[in-house]
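Right, one structure below, let's go through it.
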There are 4 protein chains.
Amino acid sequence: MVKQPAPDTTRRSEKSRRAIYDAALALVGEVGYPKTTIEGIAARAGVGKQTIYRWWSSKAEVLMEAFLDLGEQSAREAGQESYAFPDTGDLAADLKAVLRATVDELRDPRFEVPSRALAAEGVVNEQLGRELVAKLLEPSLQLYVDRLRTAQDTGEVRQDIDPRIALELFVSPLAQRWLQHTGPIDHTYTDTLVDYALYGLAPR
Amino acid sequence: MVKQPAPDTTRRSEKSRRAIYDAALALVGEVGYPKTTIEGIAARAGVGKQTIYRWWSSKAEVLMEAFLDLGEQSAREAGQESYAFPDTGDLAADLKAVLRATVDELRDPRFEVPSRALAAEGVVNEQLGRELVAKLLEPSLQLYVDRLRTAQDTGEVRQDIDPRIALELFVSPLAQRWLQHTGPIDHTYTDTLVDYALYGLAPR
Amino acid sequence: MVKQPAPDTTRRSEKSRRAIYDAALALVGEVGYPKTTIEGIAARAGVGKQTIYRWWSSKAEVLMEAFLDLGEQSAREAGQESYAFPDTGDLAADLKAVLRATVDELRDPRFEVPSRALAAEGVVNEQLGRELVAKLLEPSLQLYVDRLRTAQDTGEVRQDIDPRIALELFVSPLAQRWLQHTGPIDHTYTDTLVDYALYGLAPR
Amino acid sequence: MVKQPAPDTTRRSEKSRRAIYDAALALVGEVGYPKTTIEGIAARAGVGKQTIYRWWSSKAEVLMEAFLDLGEQSAREAGQESYAFPDTGDLAADLKAVLRATVDELRDPRFEVPSRALAAEGVVNEQLGRELVAKLLEPSLQLYVDRLRTAQDTGEVRQDIDPRIALELFVSPLAQRWLQHTGPIDHTYTDTLVDYALYGLAPR
DNA sequence: TACTAACCGAGACGGTACGTCTGGTCTTGAC
DNA sequence: GTCAAGACCAGACGTACCGTCTCGGTTAGTA
């Protein structure tokens, strides 16, 4: 392992950074993750390979930052209300609405290829996986936690439930079906998940 | 893409096949999936590269078959009772027992590296993913389905529940935590999942 | 080195032998010597590879036999007078006539590719080279020796001349030009060679 | 065939070039031409294969340049007088001396293996053959032409003789014997050739 | 007429080298 | 010092052949 001399961030070329993000996302979308190469990104971005190696340590890292940047950009464009979780007073309805939106997003081909690529890398590369979870997944899940806490206050959810675990009852099935192709994902499916989770499998 | 003229299966060398499986699993365990190469497998197995390319079309496919074979072998050694799902009459206890065993298996380093490698490949390669699911995952899930059906007969589970979806309430959270490193997995965690799923989040 | 058990020549398949000769010559003509492979010959001849390895030890040997066979065939077709060297009583005229015929033959594309291939192999592989010389070249040169001996008898050539060396004065220049592309070969050139060789470079 | 984008000659590594030449000549000398491989040269030279493919298009081309370079080096070391052709006023003696030296050189094993390999390649590959002739053979032959011209001036050789053809009478026989193993080469043989060529076969 | 031993077509096998592609490092010259 | 450019060492890719081997199926000559 060679000690790199810690490049000077202040002199970094913003234009190159943007071009690299764009090239990385475009290539992953066009030819898929495995055929996306550092060389290819550099060439498409009109950038020297060293400029990539100077600032990132792997293809996955480049793509992750590019993807995070894409998310921030969309967020900035859409304004701040996009992060708000609905609270109509009807927990089941709110959860179903959010999950339906998630289903739609998971099917958007613009996000699908890079998302899958990153998720796959995260399965095998624990460090990158944890970074992904921390920066991309956990912030979204926190919104569920908050909504479930509110529901506990209003008595819609039992007090002794741990919301961080509870949310997995409907989020994880959807995640697994998408990740592992274990089944189709659609709105009725997520609606069912919410119902099962809220009211349990056992007779009441 | 060149059409290969379909090699003659009857003349296939069983010894080579075994050696390739062993080498593939050993290498994935030792150096990890990305650093496992076809050349490396061939060299370690004492086999020509062409013998691998003749019968498999990718590293992932080799590893999948090797892994499946490993499973079949273990199954053959363990006898048939290993596939039996416990049915003590107490559904919650049975599910908790099986999930605890699954937790232990997921943590077994012998299985972890190849499993993660295959899962990661399956995320990105739909065809291989579906094959994995069909051959490795679905057979296990079917046992949950059967046990849940029995529980429906005894009245422990409501009649209108779809068991294939129901099982995801406790299986998928575990799967996601393992796959994506979204949280720790242990016996109390899976116990909690079963309780939440069976009795719901809402007050009874 | 493994001792092969000396295959039984009496049971050899004449049909295969012919097919191999034909395939070898055809392939050398079509794709050139380096791209002609044993596999290719076997496939084109509709013959197992082992049938070639059983009877020959190298690609060069196959081609040499095929070429020799081709020569014998032509000879058999042409009748026996083809080997006769002209003797009109005028040595210079006779030599010029034969060399002109040789020029024409060297330019015949049907013979050129395999001849060059064999000659090249013979340059580097002394054993094969000597075999080629003994079977293909020396018999032709012997005819020059005979004609020169006759000329010594008639007084056209000095008695103290060694005919085997003398013939090289006009044969070798032609051979070298053809082999090494050191110059053009045509009838006036060989005529000149004969004149120079017979009457010398020094003033008479 | 892919068009490569013409590598930048100014940035070429001189050290690698030298190492490749050395490795190529060493390997050809040690294991022979056919067993010399590009991979082997690269490994021995401590160079990536691509560095060879970037600058040369075939094994033969590498070896030819290496051989030419070797010749230039020897020439540079030996100084310029090595190229001088003797002119004692006695043409026969001068020719005999030079041919005797040539015989010795042809027998020097250091030169023999690569020379034969290149000559063989040149027989079959016309382009390379012509390059070899132009760069290696023709410059030497030109010295004979010059000496013969001088001899024409002094009356030792007839005016109507073409020196370029005349020299072949003694050079080509030697070349053919060496190339094709058609006979032994030694000093008496070349002496004889000079005598025959100068004074002719016919009685004077 | 059956037996048997060799040849035969076919092609899988363990290998080696091919020529290409990419990874990650290093160097050069422009800015 | 960063940047675009790209040569460099390294080594895996997937392909093509090598020469050996094993498999059934002819096809003799012997019993």
Side-chain angles (χ1 to χ4, degrees), chain A residues 2 4-5 7-13 15-16 19 35-40 42-43 45-55 57-59, chain B residues 1-2 4-5 7-13 15-16 19 35-40 42-43 45-55 57-59, chain C residues 2 4-5 7-13 15-16 19 35-40 42-43 45-55 57-59, chain D residues 2 4-5 7-13 15-16 35-40 42-43 45-55 57-59:
Chain A
V2 174
Q4 57 239 37
D8 181 346
T9 322
T10 65
R11 308 190 49 177
R12 183 166 183 184
S13 160
K15 206 177 68 177
S16 295
K35 293 199 152 179
T36 297
T37 65
I38 301 255
E39 296 220 336
V47 139
K49 283 203 287 178
Q50 197 57 296
T51 301
I52 298 185
Y53 284 110
R54 189 159 21 234
W55 303 108
S57 62
S58 69
K59 180 169 67 161
Chain B
M1 191 64 75
V2 176
Q4 59 245 36
D8 181 345
T9 321
T10 65
R11 301 188 47 187
R12 183 165 183 184
S13 161
K15 206 176 69 175
S16 295
K35 293 199 153 179
T36 297
T37 64
I38 301 250
E39 292 216 339
V47 138
K49 282 202 286 178
Q50 202 53 45
T51 300
I52 298 186
Y53 286 109
R54 196 172 1 248
W55 303 110
S57 61
S58 67
K59 180 170 67 162
Chain C
V2 175
Q4 58 240 39
D8 181 347
T9 323
T10 66
R11 305 190 50 178
R12 182 167 185 183
S13 160
K15 205 177 68 175
S16 295
K35 294 198 152 182
T36 296
T37 65
I38 301 255
E39 294 218 338
V47 139
K49 282 202 288 177
Q50 198 59 282
T51 301
I52 298 185
Y53 284 110
R54 187 159 24 234
W55 302 109
S57 61
S58 69
K59 177 170 71 162
Chain D
V2 176
Q4 58 246 37
D8 181 346
T9 321
T10 65
R11 302 189 46 186
R12 182 166 185 182
S13 160
K15 206 176 67 175
S16 296
K35 293 199 154 181
T36 296
T37 65
I38 301 251
E39 293 216 336
V47 138
K49 283 202 286 178
Q50 202 53 45
T51 300
I52 298 186
Y53 285 110
R54 190 167 13 243
W55 302 110
S57 61
S58 69
K59 179 170 71 162

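Numbers restart at 1 for each chain; the letters A, B, ... are given by sequence-line order, proteins then strands. These numbers come from a predicted model, not from an experiment.
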Letter by letter from the 5' end, nucleotides 5-12 of chain E scores (B base, S sugar-phosphate only, - none; protein heavy atoms under 4.0 Å) BBSBBBBB
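Side chain of Lys49(B) to backbone of Ala42(B): no donor-acceptor contact under 3.5 angstrom is found.
A distance of 11.0 Å separates OG1 in Thr37(B) from NZ in Lys35(B), rounded to the nearest 0.5 Å.
Between the P atom of dG23(E) and the CD1 atom of Ile52(A) lies a distance of 9 Å, rounded to the nearest Å. In this structure, the OH atom of Tyr53(C) is 16 Å from the C1' atom of dT22(F), given to the nearest Å. Distance Ile38(A) CD1 to dT25(E) P: 10 Å, rounded to the nearest Å. Straight-line distance from the NZ atom of Lys35(C) to the C1' atom of dT15(F): 13 Å, rounded to whole Å.
For Ser16(A), the side chain to side chain contact (heavy atoms under 4.5 Å, CB included) partners are Ser13(A), Val47(A), Thr51(A), not counting sequence neighbours. Listed by chain and residue number, Asp8(D) satisfy the side chain to side chain contact (heavy atoms under 4.5 Å, CB included) test with Arg11(D) (two or more places apart in sequence, or in another chain).
Taking all atoms of both residues into account, the shortest heavy-atom contact from Ala19(C) to Ala45(C) is O-CB, 3.5 Å. For Thr9(B) against Trp55(B), the heavy-atom pair with the smallest separation is CA-CH2, 3.9 Å.
Checking Ser57(B) against Thr37(C), the closest nucleotide of DNA chain F that is more toward the 5' end is the one next to Ser57(B).
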